[in-house]
Amino acid sequence: MYRSNRISVVIPCHNEEEGIRAVLAQMPAMVDEVVVVDNASTDRTAAVARELGARVVYEGRKGYGRAYKTGFASARGDIIVTMDGDGTYPPDSIPLLLYVLVEEKLDFITARRWYSRSGQAKSPIRLLGNAILSGAMMCLFFKFIIDSQSGMWVFRRDVLRKIGPRSDSMALSEELKILAFTHRGLRCLEMPIYYGERIGTSKLNIWRDGFGNLFFLVRMRLVLGRRRRAAVVMPLPRPDEAAADLPMRAPAQRTS
């Protein structure tokens, strides 16, 4: 719990038995629940997560975006935090990110991977790919986001209803940022964090996922306006309906 907001951490995992063990061991006490999405793992990822107190949700359809959407639907918190199960996003960044979100009355924060605490350099090909994709996003959507591929986000639950992400692939990371940062009713920020060393084997296919994300940016530019016009605005519940809802949900916070 953080300032009357319940905090859910959603972590998609595919064969991250050792990584998820390290991540959950570092989870801050302010986190109310951790939802681990077992994306068809063949190792003990789900068992380890349960042993360490996480709620495990199974998603048999493989896909980064698919796993996240299943996790979002299962999360019960007022604020949702995301991270990978391989240790690259440090859980001890959560308190600061929550502080900034609440104090600045923001709706969405994306964490920018800034520097490794161990001093380990990123792969040159990954740095180049991230730079190309982030540059393409800036040119196509006129939003200055340095790390367009970051997988750590902190946002208010109501954001999902407002933007309606659809991607089942790695492109969900780009889609969320584009929809949030271009939404006139949302206050968004990119904030730097340290990043940790990866535990286990990377599941990223650099060339397939890289070109897939690049093509997604182009398609998104072509359909963004149409998606905005077709968006269905859900009315807020009446006070009597809200009172009958789950006790863990706090009233939605509206910003101008």
Side-chain angles (χ1 to χ4, degrees), residues 6-27 31-77 79-89 91 110 149-155 157-161 163-180 198-217 219-220 223 227 232 246 248-249:
R6 286 184 59 86
I7 310 302
S8 293
V9 175
V10 178
I11 308 176
C13 288
H14 176 69
N15 293 340
E16 299 286 4
E17 178 180 342
E18 295 305 319
I20 195 62
R21 188 189 303 277
V23 170
L24 294 178
Q26 302 173 56
M27 199 61 61
V31 172
D32 295 285
E33 67 165 359
V34 178
V35 179
V36 171
V37 184
D38 176 14
N39 199 198
S41 296
T42 57
D43 64 358
R44 297 187 67 252
T45 294
V48 169
R50 288 193 185 96
E51 290 169 4
L52 294 174
R55 182 158 59 89
V56 177
V57 179
Y58 182 75
E59 174 52 74
R61 296 165 292 181
K62 289 185 179 180
Y64 179 82
R66 180 66 261 171
Y68 259 128
K69 289 189 293 183
T70 297
F72 294 158
S74 300
R76 302 163 179 164
I79 295 175
I80 296 175
V81 181
T82 69
M83 61 177 54
D84 292 346
D86 59 8
T88 50
Y89 298 101
T110 179
Q149 305 305 301
S150 169
M152 187 173 190
W153 324 303
V154 181
F155 56 90
R157 182 184 187 85
D158 193 49
V159 168
L160 293 172
R161 177 183 62 81
I163 66 176
R166 301 176 184 175
S167 177
D168 287 340
S169 68
M170 292 295 294
L172 179 80
S173 177
E174 297 175 332
E175 183 185 25
L176 277 171
K177 297 178 186 71
I178 293 167
L179 293 174
R198 183 184 308 280
I199 301 172
T201 305
S202 173
K203 310 304 184 297
L204 180 71
N205 184 309
I206 295 177
W207 297 107
R208 182 196 65 198
D209 293 327
F211 280 106
N213 286 0
L214 184 60
F215 294 145
F216 176 85
L217 288 174
R219 292 197 305 272
M220 192 67 182
V223 304
R227 283 185 62 172
V232 177
L246 294 175
M248 61 188 64
R249 294 186 60 185

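Panel note: side chain D84, backbone D86; no donor-acceptor pair is recorded below 3.5 Å. Looking only at distances, no side-chain donor or acceptor of S173 sits under 3.5 Å from a matching main-chain atom of G151. Looking only at distances, a side-chain donor or acceptor of N39 sits under 3.5 Å from a matching main-chain atom of G63. Panel note: side chain D43, backbone E17; a donor-acceptor pair is recorded below 3.5 Å. No donor-acceptor distance shorter than 3.5 angstrom exists from the side chain of E33 to the backbone of R55, with no hydrogens or angles considered.
Looking at residues two or more places apart in sequence or on another chain, you find a side chain to side chain donor-acceptor pair (under 3.5 Å) between E51 and R44. Looking at residues two or more places apart in sequence or on another chain, you find a salt bridge (charged side-chain N to carboxylate O under 4.0 Å, His left out) between E18 and R21. Legend: residues meeting salt bridge (charged side-chain N to carboxylate O under 4.0 Å, His left out) with R208, ordered by chain and number and at least two apart, are absent.
For the pair M83 and V23, the minimum side-chain heavy-atom distance is below 4.5 Å. Residues V35 and F72 fail the side-chain proximity criterion, which asks for heavy atoms closer than 4.5 Å. Residues R227 and L179 have side chains in contact (heavy-atom distance under 4.5 Å, counting atoms from C-beta outward). The shortest side-chain heavy-atom distance between S150 and T110 falls under the 4.5 Å cut-off. L52 places none of its side-chain heavy atoms less than 4.5 Å from the side chain of V34. Using a 4.5 Å heavy-atom threshold, the side chains of L160 and P165 count as touching. N213 places a side-chain heavy atom less than 4.5 Å from the side chain of M170. Contact check for K69 versus E59: no side-chain heavy atoms found under the 4.5 Å cut-off.
Nearest approach of R157 to A75, heavy atoms of both residues: NH1-O, 2.6 Å. The two residues S8 and G77 have their closest heavy-atom pair at OG-N, 2.8 Å. Shown here for A67 and P12, the closest heavy-atom pair between the two residues is CB-CB, 3.8 Å. Considering every non-hydrogen atom in both I79 and V154, the closest pair reads CG2-CG1, 3.8 Å. Closest heavy-atom contact between A54 and L24: CB-CD1, 4.1 Å. When all heavy atoms of A49 and V36 are compared, the pair lying nearest together is CB-CG2, 4.0 Å.
Remark: R76 CZ to I7 CD1 distance equals 15.0 Å, nearest 0.5 Å. Within the model, atoms OG of S169 and CZ of R66 stand 12.0 Å from one another, a figure rounded to the nearest 0.5 Å. Annotation: the span from F216 atom CZ to D209 atom CG amounts to 13.0 Å, rounded to 0.5 Å. The OH atom of Y58 sits 6.5 Å away from atom CG of D38, with the distance rounded to the nearest 0.5 Å.
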**OP:** Take T82 and Y89 through the test side-chain contact (heavy atoms from CB on, under 4.5 Å) and record every step on the way to the result.
**Re:** CA-CA 9 Å; T82 69; Y89 298 101; over 6 Å; no
**OP:** Go through the steps to decide whether E174 and M220 satisfy the test side-chain contact (heavy atoms from CB on, under 4.5 Å), and finish with yes or no.
**Re:** CA-CA 10 Å; E174 297 175 332; M220 192 67 182; over 6 Å; no
Subject >> Step-by-step side-chain contact (heavy atoms from CB on, under 4.5 Å) determination, I11 to M27 >> reply: CA-CA 12 Å; I11 308 176; M27 199 61 61; 4.3 Å; yes
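Ion pair R166/E175 not flagged as a salt bridge, since none of the NZ, NE, NH1 or NH2 atoms sits closer than 4.0 Å to an Asp/Glu carboxylate oxygen.
The aromatic rings of F211 and W207 lie parallel to each other, with less than 30° between the two planes, well short of the 60° mark. Below 30°, between 30° and 60°, or above 60°: for W153 and Y68 the angle between ring planes is between 30° and 60°, a tilted geometry.
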